[in-house]
Amino acid sequence: QKEVEQDPGPLSVPEGAIVSLNCTYSNSAFQYFMWYRQYSRKGPELLMYTYSSGNKEDGRFTAQVDKSSKYISLFIRDSQPSDSATYLCAMRGEFGNTGKLIFGQGTTLQVKP
Amino acid sequence: DGGITQSPKYLFRKEGQNVTLSCEQNLNHDAMYWYRQDPGQGLRLIYYSQIVNDFQKGDIAEGYSVSREKKESFPLTVTSAQKNPTAFYLCASSIDRGLGTEAFFGQGTRLTVV
């Protein structure tokens, strides 16, 4: 079993839809949670960064962390065609080997005009 | 502008050859990393360096080598011992001396064996 599981999709939605992207994980030592967006043939760019449990909002994007369920989510409101990309979750712990940044497989999102 | 520069963007390797991928950053970050990305597998850590003249193996270091002689540079050599080198290679850096919090990525090098 992988430490971080992410449904690879592809996920196709109409413009304006609310998108929910999710990751589950198995290591309870993870404390830092990140979402990256990657356009085709480009490097990933950091979208959201959250420490421990809770919600964080930035414009149309909301990141949620539920450590009790080992589940994180990224919500995109009013999705746009420019949101079409691969979304990668990433997480790490505090010390030693759990400090290594672990990535999910990535979910490919297509927003249709 | 500050950032991470990877070169070349595309690289072709013949069987049995060693090739070196360049990664330069002007962000004054201490830590630098190399990841490999294959379809459907996310990013896998090859090597990382938290300080000049020091580096550590990641999860898939076999067949790769690195050096960190300068803070701004972290080249990756893909040796002939790497049996399946065709992939997208990503370099990243972070100011955090931990492994990758808020890592910033370059634009990648796509390596193909011909």
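First the proteins, then the strands, lettered A, B, ... as listed; each starts at 1.
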Under a 4.5 Å side-chain heavy-atom rule over Ile, Leu, Val, Met, Phe, Trp and Tyr, are [X] and [Y] clustered together?
{"X": "Val113(B)", "Y": "Tyr64(B)", "result": "no"}
{"X": "Tyr87(A)", "Y": "Tyr25(A)", "result": "yes"}
{"X": "Leu76(B)", "Y": "Tyr33(B)", "result": "no"}
{"X": "Ile4(B)", "Y": "Val52(B)", "result": "no"}
{"X": "Phe104(B)", "Y": "Tyr47(B)", "result": "no"}

Nearest 0.5 angstrom please: [X] [atom1] to [Y] [atom2], how far?
{"X": "Phe105(B)", "Y": "Lys42(A)", "atom1": "CZ", "atom2": "NZ", "answer": "15.5 Å"}
{"X": "Leu43(B)", "Y": "Ile102(A)", "atom1": "CG", "atom2": "CD1", "answer": "11.0 Å"}
{"X": "Phe103(A)", "Y": "Gln37(B)", "atom1": "CZ", "atom2": "CD", "answer": "9.0 Å"}

Next item on the list: Measure distances from Gln38(A) to the heavy atoms of chain B and classify the residue's part below 4.5 Å as side chain, backbone, both or neither.
Entry: side chain
Next item on the list: With a 4.5 angstrom heavy-atom cut-off, could you sort out which part of Pro44(A) is near chain B: side chain, backbone, both or neither?
Entry: both
Checklist line | Exceeds 12 heavy-atom contacts within 6.0 angstrom, atom CD of Glu62(B) | finding: no
Next item on the list: Would you mind checking which part of Arg44(B) comes under 4.5 Å of any heavy atom in chain A, side chain (CB onward), backbone (N, CA, C, O), both or neither?
Entry: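 Neither; nothing under 4.5 Å.
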Check: Which of residues 81-92 of chain B get closer than 4.5 angstrom to chain A, counting heavy atoms alone?
Finding: Phe88(B), Leu90(B)
Check: Relative to chain A, which of Gly106(B), Pro39(B), Gly42(B) shows the most heavy atom pairs under 4.5 Å?
Finding: Gly42(B)
